[in-house]
Amino acid sequence: MPWRFLGRRLLQAVPVLAIVAVAVFLLLELAEGDAVDAYLAGTGAGDAGLAAALREEYGLTDSLPVRFLTYAVRLATLDLGHSFAFSRPVAGVIGERLPVTLLLMGSAVMLSGALGVLLGGLAAWRAGRAADLSITVAALVLNAMPGFWLGLLGLILFAVKLRWLPLGGIGTIGADLPPLAAAVDLARHLVLPVATLALTYLALYVRLMRAAMLDAAGSGWVLAARARGLPEARVLLRHMARPALLPVVTMIGLQAGGMLGGSVVIESVFAIPGLGRLAFEAVSQRDLPLLAGILLAGTVTVVAVNIIVDLLYRRLDPRVGDAAAREGGR
Amino acid sequence: MHSTSARVFGGLRALLLGAAAMGAGVAAATEAVAQEVQRGGRLTVAADTEPRNINPAMVASNGVFFVSSKVVEPLAEMDYEAGLRGVLAVGWEGSEDGRTITFRLREGVAWSDGTPFTSADVAFSAMEVWKPLQNLGRAIFADLEAVETPDDHTAVFRFTRPTPLQLIENALPAVSAVLPRHLYQGTDIAQNPLNNAPVGTGPFLFAEHRPGEYFRLTRNPGYWGEGQPYLDEIVYRVLPDAASKAAALETGDIQLTAFSAVPLTDLARLDAIDGISVIPGGYEGITYHITLEINHRRAELANPLVRRALAHAIDRNFIVDVVFMGYAAASTGPVPATAADFYTADVPAHAFDPAEAERLLDEAGYPRGADGTRFSLRLRPAPWFQMTRATGDYVRQALQQVGIAVELVTADSGAHSVAVYTDHDFDLAIGSPVWRNDPAISTTILFQGGLPAGVPFSNQYGYDDPEMNALIAAAAAELDRDRRVALYHDFQRKAATDLPIIHLVDFTFITVARDEVKGVASNPRWATSSWADTWVAR
């Protein structure tokens, strides 16, 4: 693995993180109410003395520049600090949820990518015929449905009516299972949320794949391959599908950025303790340390996924070498 | 199955107004007694919220009590028949001068680690936690000077000023959770890790909290209650989505939802399902109001005629029927009719009468302009409940009918709280204050003048009336029960006359439970009580 390339990628992430970090601080600052207001609103009663004592404890009485400096230094030194809303170290709070989110979103993106490539390829192959039309329409309909609604439909059908799948959560509560059975239990719990997420993303990949395949179909190299008398299957797979994967892979990389924020709704419907719900809570509780931690975790994820995407590019397209990687793979 | 009509709510009111009778809550309790109690098993309920601090001695809130009232016990709890039933206290009396209250404490009670429970624990909790740290206790115990412990089972509370015994009695269920002194003393109480894993004398032990997933409590084998508790385990499953909660009830993944966690619109459908019942009782001790908060800093709204017009312009019964689908009652003032001790119906009434509202607005000097509008206001509905937001939508329409243009301004909890209670950046707001069984706990603060800015759920509307302030002060220090009640009757009349804020409806919550869950709604604060007598039939 080229370490210079990796190092450059990480360096590129620094200004991105800095800009987002400032934006997050300012947005939370602009929002009315602070962590103490949000907390007291939830307890149903309070008084001015209690509020003042809590503000002192949280360090909210410092001036704006001082608070920003504390926040910036923390981010720079990767010291995540203490969450207001959870009264625990931020690293622990995020550490609990990151694996679940990565598993959920990773599986969903993989599944929708794979299905998208298959169905998109099929649609291109059968362009203009019934199969093409039905795939395209189905994908668009799924895309137009709100995620929570699709999730609820799946939940009512498979968990309530048919009782095939568990209703929510990430594991059977209180069941002390051996590792293999626990993995099966987790997988069963993830079927519905992963399928829901994958189906809502599906249209994107279907359309991308189909368009790229058709694009390739009109290219000189496909013409040349056909002229050479190569079998149709080989033309489809090697000469059309392979280059068509490039935009799909790009899109997977881009979607990774939305992975953390995109699942609040699905996490709520299926009661999954993921980062989306955590970020939502952090914002509504005005919990700056927690939000900063989630931000860091998100940045690391995006950078990591982009590195993987770049590496995939090199495999898919021999023309993409170091030069293209330096350009960001595009 | 229980009937789910609005009549049940009315029935409960009649029950509480007319002393002992049969009502849905009591019926549920007696039904449980009639059957043979079955021990063991797990009860899975939908979690309400996941508070950061679940120490009920510090945070007296229903979200905290829902979990921790099973672990940490108060001195006394509400009871349908006795009114108040001793828990960690077995008896109490006040002195003639109102400066001391003597509690006799239960003997043979131990903390879950085996250490005996004594009066030292009560003294420590009162002086080190309730008075300095608790959101409600800071006001109620402000005059508490010392707690003396002449022996292990007597605690004598000494107040610097005469304090009505009635007030302390009414406050006990919510403010008197007792903590183990030996585990808290010498630590930073506010940061003690036990705040997230409480230790108490209650029927259940705190087992674990998996954030975003569940809380789990297990049976306390050393509980003092004879043969109690019946359940082996209680699990609170976190289900953030309301529709998922309803689905989980259907599948049996959860057996009970409290605090109206299931949307009111789903209740009829759920009640029709075999094996699921809608239970409206068991919340009489935690009644909520929907109020219209009015900022008197607006010249128009400082005018009593305009405020009266607002009261006439809003149809309370519409809110009851449409927003609450019948599970509420039109309000006559700051004391709900279910609080028989304090309630009076003898107050100026403001019936729904848009024509009268228009007449009053004309008289106040705000005629309709060329565009039909008299003036315009900004209305902030509190985000706490779906019903507060829906009431905001209705009030906007109702006021537009009488020529007042209303702009809705919505915000999340923190932003709403600071806008209304600190910055006073509102003209009207929809609030939902809690009635806590005595007007002096969280009700008179809605009318008292001269409070500093930044006190949530208090009078931040700029209303400051000397007569009202005097009434509140007199009642807070009146030792004689009858005279105290009479003062609170005057308070209600004054509130309905001045209308500094307008109480629109009173509501309590709904429990939906599977029929195998027995001993539900067995007291007026059931969801926030110990559940020592709750069991699951198999």
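Every value quoted in this text rests on a predicted model; they were computed, and no experiment measured them. The chains referred to below are lettered A, B, ... by the order of the sequence lines, with proteins before strands, and numbering in each begins at 1.
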Residue part contacting chain A, namely of B:N195, when any heavy atom lies under 4.5 Å: neither
Charged tip of B:R525 within 45° of B:F65 ring normal and under 6.0 Å: yes
Pair B:F457 and B:W384, ring centroids less than 6.0 Å apart: yes
Salt-bridge present (B:E50, B:R237; N to O < 4.0 Å): no
B:Y283 ring center within less than 6.0 Å of B:F507 ring center: no
Whether over 12 other heavy atoms sit under 6.0 Å from A:E57 CD: yes
Under 4.5 Å from a heavy atom of chain B, the part of A:A48 involved: both
Contacting region of B:S244 [heavy-atom separation from chain A under 4.5 Å]: both
Heavy-atom contact with chain B under 4.5 Å, split by part of A:E281: neither
Selection from B:S458, B:P240, B:S432, B:P456 maximising heavy-atom pairs under 4.5 Å formed with chain A: B:P240
Between B:Y288 and B:N62: side-chain donor-acceptor atoms closer than 3.5 Å: yes
Per-residue contact mode, B:P452 against chain A (heavy atom under 4.5 angstrom): side chain
Max heavy-atom pair count under 4.5 Å with chain A, selected residue of B:R42, B:R138, B:E250: B:R138
Residue part contacting chain A, namely of B:A60, when any heavy atom lies under 4.5 Å: backbone
Side chain / backbone / both / neither for B:V238 at chain A, heavy atoms under 4.5 Å: both
Per-residue contact mode, B:E233 against chain A (heavy atom under 4.5 angstrom): neither
A:R286 bridged to A:D37 by N-O distance under 4.0 Å: no
NZ/NE/NH1/NH2 to OD/OE distance under 4.0 Å, A:E267 and A:R277: no
Residue B:L133 versus chain A: region with a heavy atom under 4.5 Å: backbone
Residue A:F68 excluded, over 12 heavy atoms near CZ under 6.0 Å: yes
Which portion of B:S442 sits near chain A, non-hydrogen atoms under 4.5 angstrom: neither
For chain B, the option from A:L152, A:V283, A:I173, A:L40 that forms the most heavy-atom pairs under 4.5 Å: A:I173
Side chain / backbone / both / neither for A:A53 at chain B, heavy atoms under 4.5 Å: neither
Neighbour count >12 (heavy atoms, 6.0 Å) for atom CZ, B:R389: yes
Winner by heavy-atom pair count (cut-off under 4.5 Å) against chain A, out of B:D412, B:N53, B:T44, B:V235: B:D412
Leading residue by heavy atom contact count with chain A [cutoff under 4.5 Å; candidates B:L239, B:D253, B:N196]: B:D253
More than 12 heavy atoms of other groups within 6.0 Å of A:L64 CG: yes
B:R210, part contacting chain A, at a heavy-atom distance under 4.5 Å: neither
Ion pair B:R380/B:D425, N-O distance below 4.0 Å: yes
Contact class of A:Y39 relative to chain B, heavy atoms under 4.5 angstrom: both
Heavy-atom pairs under 4.5 Å with chain A, option from B:P433, B:A382, B:A248, B:G454 with the top count: B:A248
For chain B, the option from A:L50, A:V36, A:D34 that forms the most heavy-atom pairs under 4.5 Å: A:L50
